[in-house]
Amino acid sequence: MYKHPRQEIEAYSLPPVGNLRYIPVHNSLKRYCMLEPSSSSLVSPAYTVLSNAKVNSSAYEDTSGSCVTDDFNDKIKELETVMMGPDSLDLVFTYNDSSDSTSCQETNSWRSTLEAISRHDLRADLVSCAQALSENDLMMAHSMMEKLRQMVSVSGEPIQRLGAYLLEGLVAKLASSGSSIYKSLNRFPEPASTELLSYMNILYEVCPYLKFGYMSANGAIAEAMKEENRVHIIDFQICQGSQWVTLIQAFAARPGGPPRIRITGVDDTTSAYARGGGLSIVGNRLAKLAKQFNVPFEFNSVSVSASEVELKDLGVRPGEAPAVNFAFVLHHMPDESVSTKNHRDRLLRMVKSLSPKVVTLVEQESNTNTASFFPRFKETMDYYDAMFESIDVTLPRNHKQRINVEQHCLARDLVNIIACEGADRVERHELLGKWKARFEMAGFTSYPLSPLVNSTIKSLLRNYSDKYRLEERDGALYLGWMQRDLVASCAWR
């Protein structure tokens, strides 16, 4: 889901907020194009792939549900061209200029009622379509998709926008069980790196999810390292390295002077596109910042996927106190349900062998890893429904970049979760209870977060909607929107 935006500090030579930038991350938000709008129509990569697909005359005999017919292609084309269309509710009423205010109020009341009914029906119809696909009822799935195309819009209300991307995932699932369409989508042109960075920075500013994760992890690391003179931070998904800006500044202000800091940044070449180059760019930026604050600093780059990291890559040295950071990355690691190598648990055992002072974990609080298609769809809809609602509170619907933010920062994850299976499904979230079991199996014990971390994040949330909720349970912090937990953070040793 998440990526690391650059922070707006002079040391990074960054533009003002009006020119925010976006940073892609390994695996999460895999880069593929989604529902790019044009002035007259909306033709997504999914449709392009579908329209070029070969039609198997025995498609209806395929129990996988991967069926595309000529008639269905026509329907999908219609679906794609209306997704950016006007809200159908806008056509329900016509207003007479001579109507009195009472009539307008009554009309608006009915309009609100119809909109509420429409939102409920859209959710129910999305679920019905997914259920039809899960039961291989292709005729019902076709029928539901034709109905849904009249209800969704990437420029509408939160559930309509979410519905557009969920429908895209259902179309992809029906077309080819996800795998081939996901690979094809990855080959489509994407926005310029500066635009990608801009989109994610907008999301970073309007929602507190990333800030919550970074602040809670940094607080745990600062607490664990308060007596250490030589600190080695191992970040398994460093991207732009922006998480460490505030920590370097905090160490610089430490009584008695800052420690010597060495950061090992893991990140494969897929993030180089947004950075405009390799990990040396990250190292140079952080080194410049550390020099500005008189903090002894060294950077070690590991340009491989986190799942491929071996102990020798980490450059562990005697006398250094290791801290390991897993922020929004472990859910990308294949586990025992995908590969016999089970990199998810292998990495935890390898990290435990380092005897780290602290290990931080930040993950989305969602259960999509081993769930079958239908429950996975419902969980994804529930999770992202809360997220789209939270965006809607802060980012106006007429914001010219909002569609791009949702497409390139969130929608791609939706398609991957819904449409893909096996190794092609890289978004594999687990609830914190499952992560706890994995850490305990690897030999870790819980490291309670400092009360200062809790109070600092509460101060952060005062800048956002009062519908955000912070809760501490069993040594972990949960950030939620209303009644839905969205992100969980905890620490181990």
Side-chain angles (χ1 to χ4, degrees), residues 11 214-267 278-304 306 308-327 329-330 345-362 439-440 442-450 452-453 490-493:
Y214 293 168
M215 288 174 65
S216 56
N218 286 356
I221 294 172
E223 177 70 18
M225 298 296 179
K226 61 185 178 182
E227 303 294 336
E228 300 295 336
N229 293 320
R230 297 176 63 195
V231 176
H232 182 195
I233 298 171
I234 302 170
D235 188 346
F236 272 83
Q237 185 171 269
I238 195 165
C239 295
Q240 293 286 334
S242 56
Q243 178 178 347
W244 309 117
V245 172
T246 56
L247 188 62
I248 290 174
Q249 294 171 333
F251 277 136
R254 194 174 75 171
R260 177 176 294 275
I261 301 175
R262 188 160 66 98
I263 293 181
T264 291
V266 178
D267 205 8
L279 281 171
S280 60
I281 294 176
V282 178
N284 292 336
R285 287 185 184 131
L286 293 178
K288 182 179 179 180
L289 176 69
K291 183 178 180 180
Q292 178 183 343
F293 286 92
N294 296 315
V295 176
F297 180 82
E298 183 181 347
F299 185 79
N300 174 42
S301 63
V302 181
S303 299
V304 299
E308 300 172 1
V309 173
E310 302 290 345
L311 194 59
K312 60 181 177 58
D313 299 319
L314 302 179
V316 178
R317 298 173 185 171
E320 291 182 332
V324 178
N325 184 58
F326 288 119
V329 62
L330 274 182
D345 290 335
R346 180 189 71 82
L347 282 179
L348 294 182
R349 292 192 298 269
M350 181 185 73
V351 166
K352 180 60 180 174
S353 71
L354 302 176
S355 300
K357 293 281 292 186
V358 66
V359 178
T360 54
L361 173 71
V362 183
F439 271 80
E440 289 168 356
F444 289 97
T445 57
S446 178
Y447 184 91
L449 296 174
S450 166
L452 180 61
V453 174
C490 59
W492 301 83
R493 58 186 172 190

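Considering all non-hydrogen atoms of both residues, V359 and F444 come closest at CG2-CE2, 3.7 Å. For the pair V362 and S216, the tightest heavy-atom approach, listed with the atom from each and the gap, is CG2-OG, 4.4 Å. The nearest pair of heavy atoms linking G219 to V453 is CA-CG2, 3.7 Å. V282 approaches C239 most closely through the heavy-atom pair CG2-O, 3.0 Å. For H232 against G315, the heavy-atom pair with the smallest separation is CE1-O, 4.1 Å. Between A306 and V266, the shortest heavy-atom contact is CA-CG1, 4.0 Å.
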### Task
With side-chain hydrogen bond (donor to acceptor under 3.5 Å, both in side chains) as the test, would you mind laying out the steps for N218 and T246 before giving the verdict?
CA-CA 8 Å; N218 286 356; T246 56; 3.3 Å; yes
Where do F299 and R262 land on the side chain to side chain contact (heavy atoms under 4.5 Å, CB included) test, with the steps shown first? CA-CA 6 Å; F299 185 79; R262 188 160 66 98; over 6 Å; no
### Query
Can I238 and I263 be said to form a side chain to side chain contact (heavy atoms under 4.5 Å, CB included), step by step?
CA-CA 10 Å; I238 195 165; I263 293 181; 3.9 Å; yes
**Prompt:** Can Q249 and V245 be said to form a side chain to side chain contact (heavy atoms under 4.5 Å, CB included), step by step?
**Reply:** CA-CA 6 Å; Q249 294 171 333; V245 172; 4.1 Å; yes
Subject >> Verdict with supporting geometry, V324 and F326, side chain to side chain contact (heavy atoms under 4.5 Å, CB included) >> reply: CA-CA 7 Å; V324 178; F326 288 119; 3.8 Å; yes
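Summarising the geometry, atom CZ belonging to F236 is positioned 12.5 Å from atom CG belonging to D267; distances are rounded to the nearest 0.5 Å. Rounding to the nearest 0.5 angstrom, the gap separating the OH atom in Y214 from the OG atom in S242 is 4.5 Å. A distance of 14.0 Å separates CZ in F251 from CZ in F293, rounded to the nearest 0.5 Å. Atom CD1 of I261 and atom CG of L286 lie 10.0 Å apart (nearest 0.5 Å). One distance of note links CZ of R317 with CD of E320; it measures 5.5 Å at 0.5 Å rounding. Going from atom CG of L330 over to atom CG of L361 covers 6.0 Å, rounded to the nearest 0.5 Å.
At distances below 3.5 Å, not a single donor-acceptor pair connects side-chain atoms of D313 with backbone N or O atoms of V309. N325 contributes no side-chain N or O that, together with a main-chain N or O of I233, makes up a donor-acceptor pair within less than 3.5 Å. Of the possible donor and acceptor atoms, none in the side chain of S301 sits under 3.5 Å from a partner among the backbone N and O of S303.
Among residues two or more places apart in sequence or in another chain, the side chain to side chain contact (heavy atoms under 4.5 Å, CB included) test is passed with E440 by W492.
In this structure, K291 forms no cation-pi arrangement with F297, as its terminal cationic atom is not both closer than 6.0 Å to the ring centre and no more than 45° off the ring axis.
Heavy atoms of other residues, nucleotides or ligands lying less than 6.0 angstrom from CZ of R260 number 12 at most.
By the 4.5 Å heavy-atom criterion applied to side chains, P322 and V316 are not counted as neighbours. Taking the side chain as every heavy atom from C-beta outward, V302 and T264 approach each other to under 4.5 Å. Between E310 and R346 there is a side-chain heavy-atom pair separated by less than 4.5 Å. Taking 4.5 Å as the limit, every side-chain heavy atom of P356 sits out of range of all side-chain heavy atoms of Y447.
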Which pairs of donor and acceptor atoms, one on a side chain in residues 220-230, lie under 3.5 Å apart (sequence neighbours left out)?
from : atom 1 : to   : atom 2 : distance (Å)
E223 : OE2    : K226 : NZ     : 3.0
E228 : OE2    : K357 : NZ     : 3.3

